[in-house]
Amino acid sequence: MIAGPCSVESRGQLLETAMAVKEAGGHALRGGLFKPRTSPYAFQGLGEKGLELLCEARELTGLPIVTEVMAPDQVELVKQYADVLQIGARNMQNFNLLHAAAKASTRFCSSAR
């Protein structure tokens, strides 16, 4: 089981969730860090700060971390932190992203169902 917040919004929220995932027997912690929004004024995600928080949660729980990459230029940054790169269903035809993720020296998975 992989679980975690759709959007990492704060350190407290993430660490509390990480402990709950661990206690429930989860195998990995997932958290969204790059959030596309229709308004440029809406919360866009924590980006690299969120990656650092996920790493803190990994150190605390021992759970590997999974997060979505949404653009080819995010792959290099995210692979420095995450254990698994997630490719969302809306990006299954984004061949530039798929090629960049395939070249990354980390595992990746698809959330397409």
Side-chain angles (χ1 to χ4, degrees):
M1 176 177 69
I2 300 171
C6 175
S7 178
V8 175
E9 297 178 9
S10 71
R11 180 179 184 270
Q13 171 235 25
L14 180 62
L15 296 183
E16 182 179 335
T17 302
M19 292 306 297
V21 170
K22 176 77 172 177
E23 290 171 12
H27 296 98
L29 176 66
R30 185 251 182 230
L33 304 171
F34 301 97
K35 307 307 289 183
R37 303 287 192 228
T38 55
S39 169
Y41 304 107
F43 178 68
Q44 300 287 315
L46 293 178
E48 188 167 8
K49 180 179 183 221
L51 288 165
E52 293 168 359
L53 293 175
L54 280 172
C55 288
E56 182 180 350
R58 176 176 50 209
E59 290 174 17
L60 179 68
T61 63
L63 294 171
I65 57 174
V66 179
T67 193
E68 183 174 4
V69 291
M70 301 182 65
D73 62 349
Q74 294 172 346
V75 171
E76 287 300 315
L77 172 65
V78 174
K79 80 175 191 174
Q80 294 175 35
Y81 294 89
D83 298 295
V84 180
L85 305 182
Q86 175 186 343
I87 306 293
R90 73 177 147 248
N91 276 310
M92 294 315 305
Q93 298 297 318
N94 182 341
F95 294 110
N96 290 330
L97 175 59
L98 295 173
H99 286 288
K103 291 178 184 175
S105 61
T106 187
R107 299 166 299 229
F108 64 97
C109 63
S110 167
S111 61
R113 293 180 173 89

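- When all heavy atoms are compared, the tightest approach of Y81 to C55 is CD2-SG, 3.4 Å.
- Here CZ of R58 is found 4.0 Å from CD1 of I65. Values are rounded to the nearest 0.5 Å.
- Nearest heavy atom pair, residue T17 against residue G4, reads CG2-CA, 3.9 Å.
- Closest approach of N94 and M70 over heavy atoms only: ND2-O, 4.1 Å.
- Each of V69, T67, L97 was compared with L85 under the side chain to side chain contact (heavy atoms under 4.5 Å, CB included) criterion, and only V69 meets it.
- The minimum heavy-atom distance linking P5 with Q13 is given by the pair CB-NE2, 3.4 Å.
- Both F95 and I87 belong to a single network of hydrophobic side chains, linked directly or stepwise wherever heavy atoms of I, L, V, M, F, W or Y lie under 4.5 Å apart.
- F43 is linked by a side chain to side chain contact (heavy atoms under 4.5 Å, CB included) to S7, E9, R37, L46, counting only residues two or more places apart in sequence or in another chain.
- No donor-acceptor pair closer than 3.5 Å links the side chain of E56 to the backbone N or O of E52.
- For the residue pair I2 and R30, the shortest heavy atom distance occurs at CG2-CB, 3.6 Å.
- Under a 3.5 Å cut-off, the side chain of K79 and the backbone N or O of A104 do not form any donor-acceptor pair.
- Contact between V66 and A28 at its shortest, heavy atoms only, is CG2-CB, 4.2 Å.
- Hydrophobic side-chain contacts under 4.5 Å tie M19 into a cluster, directly or through other members, with L15, L60.
- Side chain of K35 to backbone of V8: no donor-acceptor contact under 3.5 angstrom is found.
- Under the 4.5 Å side-chain criterion, counting only non-hydrogen atoms from C-beta, L33 is in contact with L54.
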